[in-house]
Every structure is written in C-alpha cells, then in structure tokens.
Amino acid sequence: MRSTIALDIAAPADLVFNLARDPRRWERLLPHYARSRSVEARLDAVVIDFVARRPLPLVGVLGLGLPVAWRARTWNEPATRRLRFVHVAGATRGMDVTWRIEARGPGTCRVAIDHDFRPRIAPFAAFVDRVFTRPIAGRTLATFRAIAEALADDRPSDSPAASPPT
C-alpha cells in the first residue's frame, strides 16, 4: 500500500530540511515523540529506535497517547532535500518512507511524506496507515510546520534560510 500525507509550510525549504534532517533530535523537538535514539551508526545511515505517542480520542487532549515503537535505518539527501527511512523492526518492518521537501516559491515549501508498506497480510497495511501512520505523520508535519513558521517569522525578510541551532 502506498500513501502520501502532505502540507504547505510558510517557511523556506532549506529551513524545514535543516530542522527535520536529524531524527535523533526529534524527541527534543516533537512533543509526541518519546524516543528517537541512535542504536547503530553506519557509514551511510543511522539506525534509530523511535517511540511516538498516537493520540487517543478524548484523552489525546490531555497529552496522553498509545506508544508506538519501531526501528528504522535513516539517512538524508541534502541535494534533493529528502529524508529516507526504512523500517527494520517492529510491526511496520519493511515500510519505506520518503520525505520530500520542495520549494514552492519565495519563503514557502511543500512537505510530502510517502509511505510504501507491503506486509504479507495486505489488509494490515490499510489498518496501520489509518490508525497509526497518518495520525503520527500528520502530527509530526504539523509540529514541524509550527516550528519552521515561527522561526521564519523571526528572520528578517531578506535573510537567507539559516540552520536552526543544534
């Protein structure tokens, strides 16, 4: 199953890429991420254990959520502003994820997250997409949008997109 979730961000593409490019920082940037820790460093990628909280109806407004865990090999491609994830453990093993961060005009961009998941039991992919992938990815995009737009608002209009502090 293939699915895409996307949104427009009123911030330069390079700023958004610089915010998102290192998923090891996500546990500090994204309130719904409980963990994003490196478990293995390779020459071309990093393997990261992720735990994100999937909001639950009614109690989600309290910041509570169902913990969802997975492990992914991840890397970024600066020339094309892509983030790549291949899930190597957990219920989503084999899922291939690509973030595409594309400039749309001066100071704006579109971020799309493509998921390709083909488990042995095909209906499982639709369940995972609807119940876990879309809620978590949607919240991740919305949070990065809020951070990027706040940073973009703080920059002088003639300033180039700067890397956020690490």
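Along the sequence shown, residues carry numbers from 1.
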Grab the two heavy atoms, one from [X] and one from [Y], that are nearest each other, plus how far apart they are.
{"X": "Ser36", "Y": "Glu27", "value": "N-OE1, 2.8 Å"}
{"X": "Ala103", "Y": "Arg81", "value": "N-NH1, 4.0 Å"}
{"X": "Ile48", "Y": "Pro23", "value": "CD1-CB, 3.8 Å"}
{"X": "Ala148", "Y": "Val16", "value": "CB-CG2, 3.8 Å"}
{"X": "Ala137", "Y": "Ile113", "value": "CB-CD1, 4.2 Å"}

So, does [X] use its side chain to make a donor-acceptor pair with the main chain of [Y] at under 3.5 Å?
{"X": "Arg73", "Y": "Asp44", "answer": "no"}
{"X": "Thr143", "Y": "Leu30", "answer": "no"}
{"X": "Asn18", "Y": "Asp14", "answer": "yes"}
{"X": "Arg104", "Y": "Ile9", "answer": "no"}

Thr133 and His115: side chain donor to acceptor below 3.5 Å: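 No - no donor-acceptor pair under 3.5 Å links their side chains.
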Path from [X] to [Y] over hydrophobic side-chain contacts below 4.5 Å:
{"X": "Phe50", "Y": "Val46", "answer": "yes"}
{"X": "Phe17", "Y": "Trp75", "answer": "no"}
{"X": "Val86", "Y": "Val68", "answer": "no"}
{"X": "Ile5", "Y": "Trp26", "answer": "yes"}

Residues 95-102 side chain polar contacts: donor-acceptor under 3.5 Å, at least two apart:
unit_1, atom_1, unit_2, atom_2, d
Asp96, OD1, Arg84, NH2, 2.6
Asp96, OD2, Arg84, NH2, 3.2
Thr98, OG1, Arg84, NE, 2.9
Arg100, NE, Asp114, OD2, 2.7
Arg100, NH2, Asp114, OD1, 3.2
Arg100, NH2, Asp114, OD2, 3.4

Please confirm whether Trp70 and Phe117 have ring centers closer than 6.0 angstrom.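 Ring centres of Phe117 and Trp70 not closer than 6.0 Å.
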Fellow cluster residues of Val47, listed by chain then number, with links counted only when side-chain atoms sit under 4.5 Å apart: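 Members besides Val47, by chain and number: Val39, Val88.
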More than 12 heavy atoms of other groups within 6.0 Å of Arg2 CZ: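 Incorrect, the count does not exceed 12.
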